[in-house]
Amino acid sequence: MPELNAGLQPGDRAPAFSAKASDGTLVRLSQFKGRFAVVYFYPKDDTPGCTTEAKEFRDILPEIEAAGGVLLGVSPDSAESHCKFSEKFGLNFLLLSDEDHAIAEKYGVWVEKSLYGRKFMGVQRATFLVDPKGKLAHVWHKVRPQGHAEQVLKALIDAGAAG
């Protein structure tokens with residue numbers, strides 16, 4: 001198993017990636033150079049915590065965009081699953097498919113989890129704020145879904161004001 005890069009910290013270069021998006025396009029992190037990018041990892045489409053988090057991000061997307069940011073959700077679900085999830089909840093941002101969990105591994109969020117004594121590999125909920133130069137401006141690990149979008153928006157506004 002590849003070594004996980006769980007040590008990503010603010011100031012580190014954001015790992016490059018490309019992935020199929022919920023709208024069928026191929027998205028590369030590099031296409032957002034010059035803007036802030038909020039890259040949030042979540043375990044599974046249409047589950048309670050992931051839905052809460054996605055809806056909160058949906059509701060503040062205009063403020064994220066006004067602060068110069070773009071929002072990308074990433075999970076191991078297929079692009080088709082993402083499309084259904086987006087349609088069901090009116091999500092107004094791209095969800096990226098990481099079916100082989102290569103992106104999650106680069107960001108150190110593909111981890112061993114445990115549920116009812118059963119161990120398995122999965123995505124640890126985390127968010128990375130990438131600055132316009134491609135460096136990590138802020139990192140949140142082990143995110144609690146409720147209220148997280150507001151934390152991210154505040155950090156984005158603060159980072160934009162500082163930059």
What I'd like to find out is whether the side chain of [X] reaches to under 4.5 Å of the side chain of [Y], using heavy atoms alone.
| X | Y | answer |
| --- | --- | --- |
| Val39 | Leu29 | yes |
| Asp23 | Ser86 | no |
| Pro132 | Arg35 | no |
| Val74 | Tyr42 | no |
| Ser78 | Glu99 | yes |
| Ile64 | Phe36 | no |
| Lys113 | Pro43 | yes |
| Asp98 | Trp110 | no |

Polar side-chain atom of [X] near backbone of [Y] as donor-acceptor pair, under 3.5 Å:
| X | Y | answer |
| --- | --- | --- |
| Ser22 | Leu94 | no |
| His138 | Leu156 | no |
| Arg28 | Ala16 | no |
| Glu56 | Gly147 | yes |
| Thr25 | Ala21 | no |

Intermediate values then yes/no, side-chain contact (heavy atoms from CB on, under 4.5 Å), His141 and Val139: CA-CA 7 Å; His141 286 287; Val139 177; 3.3 Å; yes

Aromatic ring pairing Tyr107/Phe41, orientation class (parallel under 30°, perpendicular over 60°, tilted between): tilted

Please name the pair of heavy atoms, one in [X] and one in [Y], separated by the smallest distance, quoted to 0.1 Å.
| X | Y | result |
| --- | --- | --- |
| Leu136 | Ala14 | CD2-CB, 3.8 Å |
| Arg13 | Gly134 | NH1-O, 3.5 Å |
| Ala137 | Asp131 | CB-CB, 4.2 Å |
| Leu26 | Lys20 | CD1-N, 4.0 Å |
| Ile103 | Ser18 | CD1-O, 4.1 Å |

Test log, rule side-chain contact (heavy atoms from CB on, under 4.5 Å), inputs Val27 and Phe32: CA-CA 9 Å; Val27 171; Phe32 303 108; 3.7 Å; yes

Enclosure of Gln151 CD (heavy-atom neighbours >12, cutoff 6.0 Å): yes

Residues that Arg58 engages under side-chain hydrogen bond (donor to acceptor under 3.5 Å, both in side chains), provided they are two or more places apart: none

Audit row: Lys135, Asp12, side-chain contact (heavy atoms from CB on, under 4.5 Å) steps and yes/no: CA-CA 6 Å; Lys135 297 214 177 207; Asp12 291 347; over 6 Å; no

Matching residue for Tyr40 among Phe57, Trp140, Phe128 - test: ring pair (Phe, Tyr, Trp, His ring centres under 6.0 Å): Phe57

Value rounded to 0.5 Å, distance of CG in Leu153 from CD1 in Ile60: 4.5 Å

Inter-residue atom distance Glu65.CD - Leu61.CG, 0.5 Å rounding: 4.0 Å

Under a 4.0 Å N-O cut-off, is there an ion pair linking [X] with [Y]?
| X | Y | result |
| --- | --- | --- |
| Lys84 | Asp45 | no |
| Lys44 | Asp77 | yes |
| Asp59 | Lys55 | no |

Between His148 and Thr127, a side-chain donor and acceptor under 3.5 Å: yes

CA sep, side-chain torsions, deciding dist, call: Arg125, Glu53, side-chain contact (heavy atoms from CB on, under 4.5 Å): CA-CA 10 Å; Arg125 194 180 308 275; Glu53 187 175 25; 2.7 Å; yes

